[in-house]
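Structure record follows, encoded as structure tokens.
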Amino acid sequence: MTSAPTTPDDAPKFRYTGALAQEIELRWQDRWEADGTFETPNPAGPLADPERIAGRPKIFVLDMFPYPSGTGLHVGHPLGFIGTDIYSRYKRMTGFNVMYTMGFDAFGLPAEQHAVETGQHPAITTAANVTNYRRQLRRLGLSHDARRSISTTDPGYYRWTQWIFLQIFNSWYDTEADKARPISELVAQYESGDRATADGRAWGDMSAAERNVIVEGHRLAYVSDAPVNWCPGLGTVVANEEVTADGRSDRGNFPVFKRNMRQWMMRITSYADRLIADLDLLEWTDAIKAMQRNWIGRSEGASVHFASPAGPITVFTTRPDTLFGATFMVLAPEHPLVDRLTTPERRDIVAQYRHQAASKKDIDRQDDTREKTGVATGSYAINPLTGESIPIWIADYVLMGYGTGAIMAVPCGDQRDFEFARLYGLPIPAIQQPPDRSLDTATWDSAFIGDAPFVNSSNDSLDLNDIDSVATAKRLTNQWLAANGHGEAAITYKLRDWLFSRQRYWGEPFPIVYDLDGNPHGLPDSELPLVLPETDSFSPRTFDPNDEFSNPESPLDRLEWWTHVELDLGDGPQPYRRDTNVMPQWAGSCWYELRYLDPTNEQQFVDPEVERYWMGPQPEGHDGHEHPGGVDLYVGGVEHAVLHLLYARFWHKVLFDLGHVSSKEPYYRLFNQGYILAAAFKDEREIYVDATEVVERDGNYFHGDLRVTREWGKMGKSLKNAVTPDDICQSFGADTLRLYEMAMGPLDASRPWETRDVVGMYRFLQRLWRNVVDEETGELALLDADATLDTQRLVHRTINGVRDDMDALRFNTAIAKLIELNNQLTKLGGCPRDIAEPLVLMIAPLAAHVAEELWAKLGHTDSVAYQPFPTADPALLVAETIEYPVQINGKVRGRVTVAAGTEPSGVEAAALADDKVIASLAGAAPKKVIVIPGRMVNIVA
RNA sequence: GCCCGAGUGGCGGAAUGGCAGACGCGACGGACUCAAAAUCCGUUGUCCGAAAGGGCGUGUGGGUUCGAGUCCCACCUCGGGCACCA
């Protein structure tokens, strides 16, 4: 199915076939490598070449780097890579110094799993996979600077991942300065008394242990008890996605328990507001920005304290203005105060409900239409505004993980509370007078949410009645709450701190040791990199799958020789124990773009001068917007819209606050490429069959004699529909593959792969080749004349259009314009000699190899890579005559051709004089004639 | 449910509010060939018509406009994200 059209034995010797394309491509790839064609100069350091930088603007083009899997690339993977390559090549030809390379995100679970299964060390399989990926990417002709390629698993790389971790560990967030600062400055503030301690005691009066608690409590990377999914059967903590609906592990089907565990956390929540606010600086799509805002989930409201028999219960509400209507309170079943609030006679029913809620939680989560359930605790709280006793219930629609795990229920103003009150016969007093509704809520069929005058909303010191603005009522209520000690304005986020440790082997070891008292200490720089120790047992220790209270033991725990060390951290040699967790796979991808800039620097993670040059704020950004610095174009899949892009922004902001980088944001302009989908076929047993063996007959699909059904999905092994770039390169050449992937549609749209269609781009290159080269001799064969004015005009219109398309990443329409030009040349019987160079230069970013070959045939010895991209002559962009379509009442009825520059009155006269127009008007007098200069004429009859 | 996107020929897709369907695939016809493949030339939205020509056409219904695939309102369908978020 992937084979090229067969080439007959008697075909011209120099026809552009798959075989010739391959020969050309491999030759030029070797040449580029030998000449270092795509090596990008830095302003300083070992890769410096000031001469090649002078006078050239810079641009940093970045792909989301891949995880090098064992199965290699399929044609869906390089869609974005081809796009960035074309853009990079175009930018080089328009005078830019282009940063463009590729690294590998090579730590992670699949390599570890593979190692567990095969016994082969993940370092070995990873190295083999990286080698294979590099080979496949090179075969596509990507113009990477290979010297800058890194793998997150190189000790020379993760040394700096560990260093950045220590920067974060040694920092705290100063909420007044609104930035991270070194923890030593916090200690200095406490020591000098500039900063008061929580209990007002002098720093010097505290014990070392007490001071430690305060310092550890401020670090941006800290150890804490965090709720995790503990899977004793696997011996690891698993992510939410890896837990099935019935609370078992995806892998192995073992029970998973929610419990607290000591874990490394990152205080990303300190940056929540800046992560939202700085989205405004970025050229990202609104969709991605919305996803990030959504994920951070900021809500403004108030904390309100309700007195209860178990002490104050704090709730978070976005509608403090409705507090007069709070007639009951609901706690999450897991809320820690539930035991103390439950009265003896309610004990059994509450226990039963809590048990129920705990066991079926995850399945029912999916079901938002389900009826509300809940039980009363038997206790009452006091509504601080009304002084009334209100019952305290528990219900599973209140979540422990959001806000405070408790809500005040305002049934007239919240739909869930409304339904709950209806169900359990709780009172629903109206506190607003909605338009078109009576105050008798028995007549309501839903809660009322919106602006409307408040009623029944006053006490001795607060009167909201007749206020018709929610915002005003909120403000007044918040003031009252604060003044009376019942609460304060508050902001809540959905974003949680980032759980940063994994009980696994194939990751970056933490550069942390613990002293005998269990206090963590960062390793000094001289101890970095802390190399991942060699071992041949990669699996974490597993436990009885049902032993909920077992404790994780990572593979590193077993390496006694490694975990116990003696170090001098300033007070003489002392025994320490190493941290045995590793970092999550996200860590390495949080800063890789910075290492590309200065990949071999052993003194710093990046030379500040080099960093400023590539990442610093720019005078002008995309489309004339402000450019706050960062990568100029970042291309990758939308699947990283939240986690990677949020974590990387967070790390970058810490580095910015500490003065290590010059840009506030790592990725200025983000472009999400679409996916390549592919047909997958299932037989009657619902089992996928090899897509390459399926044939279509009369709109039905058959695998052998069996009828199969078609569906569309991401390309991959599991759907048995993967097509490899190696096959396509072999059959048609990489240039055809590049063109096909780009011509399929806009880069940001997903589209189905059709091997059948690839031949279209192959034919295009074949015709292009034939227009310039004699297929029999392989010699240059241009028309023996210069282009006519008409052809010149077409060429210059094409130049103009292709430039616009390239700038806007519209490679599909750029290709269409080039095909159109080439088709015109085919009609002429070949390429006029003065058109050949612009033609080859325009095709060069797209079909890089064939362009190099043709460029050489045109007599040039230099690579086409740095030749100036053609510039359109404005004089040739305007035509001598213009054909105007003439519409009558919006329908085209005729055409007139007039000289360019004819005044509208002249165009109108010509239109009204046209035979067809006269016939169509049939004597009717035009009421109005609209002439759009250069466009068209519309006659209103 | 909420938040983003998108609906155009047989298929992938083009179209600063100004000639809908560029370009490619497929299909059909022709050239070359003993024949086929490859290659080349031509036709190809749909309906009526021998043709000239005409009617209808961008998910549905309304609106703005001289003019709407494009802008506005309502709805339908599909894709993505979040979801009992207080």
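Per chain, numbering begins at 1; letters A, B, ... match sequence-line order. All heavy atoms count here, side chains included; hydrogens, waters and symmetry mates do not. Bear in mind that the values here come from a model prediction, so they are computed numbers and not experimental data.
Judged as a side chain to side chain donor-acceptor pair (under 3.5 Å), and not counting sequence neighbours, the contacts of Arg770(A) are Glu775(A). Contacts of Asp497(A) classified as side chain to side chain donor-acceptor pair (under 3.5 Å), with partners at least two apart in sequence or in another chain: Tyr222(A), Thr269(A). Taking the salt bridge (charged side-chain N to carboxylate O under 4.0 Å, His left out) definition, one finds that Arg298(A) meets it with Asp273(A), Glu300(A), sequence neighbours left out. Residues passing the side chain to side chain donor-acceptor pair (under 3.5 Å) test with Glu908(A): none are found, sequence neighbours excluded. Residues satisfying the side chain to side chain donor-acceptor pair (under 3.5 Å) test with Thr314(A), not counting sequence neighbours, are His305(A).
Remark: Lys372(A) is positioned above the aromatic ring of Tyr397(A), its terminal NZ or CZ atom under 6.0 angstrom from the ring centre and at most 45 degrees off the axis. A cation-pi arrangement is present between Arg649(A) and Trp284(A) under the rule of less than 6.0 angstrom and at most 45 degrees off the ring axis.
For the pair Asp286(A) CG and rG80(B) C1', the interatomic distance rounds to 15 Å; values are reported in whole Å. Per the geometry, CZ belonging to Phe420(A) stands 18 Å off P belonging to rA86(B), to the nearest Å. Atom CG in Asn294(A) sits about 12 Å away from atom P in rG81(B), given to the nearest Å. Distance Tyr740(A) OH to rC25(B) C1': 9 Å, rounded to the nearest Å. In this structure, the CZ atom of Arg895(A) is 13 Å from the C1' atom of rG18(B), given to the nearest Å. Rounded to whole angstrom, the span from the CG atom of Leu495(A) across to the C1' atom of rC82(B) amounts to 14 Å. Rounded to a whole Å, the CG atom of Leu821(A) is 14 Å from the C1' atom of rA22(B). What separates CZ of Phe811(A) from P of rA22(B) is a distance of 23 Å, to the nearest Å.
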Derivation and outcome, side chain to side chain contact (heavy atoms under 4.5 Å, CB included), residues Ile431(A) and Cys412(A): CA-CA 7 Å; Ile431(A) 51 154; Cys412(A) 68; 3.4 Å; yes
Is there a side-chain hydrogen bond (donor to acceptor under 3.5 Å, both in side chains) between Tyr762(A) and Ser731(A) once you walk through the steps? CA-CA 10 Å; Tyr762(A) 176 71; Ser731(A) 305; over 6 Å; no
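For the C1' atoms, the distance from rG63(B) to rU70(B) is 15 Å, rounded to whole Å. As rounded to the nearest Å, rG12(B) and rG62(B) have P atoms that lie 28 Å from one another. Taking atom P in both rA74(B) and rG21(B), the straight-line distance is 32 Å, to the nearest Å. Here, rG67(B) and rA83(B) have their C1' atoms 44 Å apart, quoted to the whole Å. To the nearest whole angstrom, the two P atoms, one in rG29(B) and one in rA20(B), are 31 Å apart. Taking atom C1' in both rG13(B) and rU58(B), the straight-line distance is 13 Å, to the nearest Å. For the P atoms, the distance linking rC3(B) with rG55(B) amounts to 43 Å, nearest Å. One C1' atom belongs to rG10(B), the other to rU46(B), and the distance between them is 13 Å to the nearest Å.
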Reading 5' to 3' through nucleotides 51-69 of chain B, protein heavy-atom contacts under 4.0 Å coded B for base, S for sugar-phosphate only, - for none: ----S----------BS--
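No donor-acceptor distance shorter than 3.5 angstrom exists from the side chain of Arg354(A) to the backbone of Ile394(A), with no hydrogens or angles considered.
Taking the O4'-C1'-N9-C4 or O4'-C1'-N1-C2 dihedral as appropriate, rG9(B) has a value within 90° of 0 and is therefore syn.
When each of Val638(A) and Ala290(A) is assigned the nucleotide of RNA chain B bearing its nearest heavy atom, the one mapping closer to the 5' terminus is Ala290(A).
The pair Arg293(A)-Asp280(A) meets the salt-bridge criterion, with a side-chain N (NZ, NE, NH1 or NH2) lying under 4.0 Å from an Asp/Glu carboxylate O.
One finds a side-chain N or O of Ser299(A) lying less than 4.0 angstrom from the OP1 or OP2 phosphate oxygen of rA86(B). Here Arg416(A) reaches the OP1 or OP2 of rC85(B): one of its side-chain N or O atoms lies under 4.0 Å away.
As judged by a 4.0 angstrom heavy-atom cut-off over every strand, Val398(A) is placed among the base-contacting residues. Counting non-hydrogen atoms under 4.0 angstrom, Asp417(A) reaches nothing in the nucleic acid. Among the heavy atoms of the strands lying under 4.0 Å from Ala287(A) are primed sugar atoms or P, OP1, OP2 only; no base atom is included.
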Which protein N or O atoms sit under 3.5 Å from an N or O of nucleotides 7-13 of chain B?
unit_1  : atom_1 : unit_2    : atom_2 : d
rG12(B) : O2'    : Met744(A) : O      : 2.9

For nucleotides 39-46 of chain B, tabulate all protein N/O to nucleotide N/O atom pairs closer than 3.5 Å, reporting atom names and distance.
unit_1  : atom_1 : unit_2    : atom_2 : d
rU39(B) : O3'    : Arg770(A) : NH2    : 3.3
rC40(B) : OP1    : Arg770(A) : NH2    : 2.7

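With ring centers used as reference points, Phe420(A) lies under 6.0 Å from Phe328(A).
Rounded to the nearest 0.5 angstrom, Cys831(A) SG and Leu839(A) CG are separated by 5.5 Å.
Among pairs with a residue in residues 318-327 of chain A, those fulfilling salt bridge (Lys or Arg N to Asp or Glu O under 4.0 Å) read Arg319(A)-Asp321(A), at least two apart in sequence or across chains. For residues 811-822 of chain A, the salt bridge (Lys or Arg N to Asp or Glu O under 4.0 Å) pairs, not counting sequence neighbours, are Asp805(A)-Lys817(A).
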Could you list the donor-acceptor pairs under 3.5 angstrom formed by side chains in residues 884-891 of chain A, with sequence neighbours left out?
unit_1    : atom_1 : unit_2    : atom_2 : d
Tyr884(A) : OH     : Gly934(A) : N      : 2.7
Asn889(A) : OD1    : Ala941(A) : N      : 3.0

So what's the dot-bracket for RNA chain B: Watson-Crick or G-U pairs under 3.5 Å, [ ] if a pair crosses, | if it pairs off-strand? (((((((..(((.....[....)))((((((.......))))))((((....))))..(((((..]....))))))))))))....
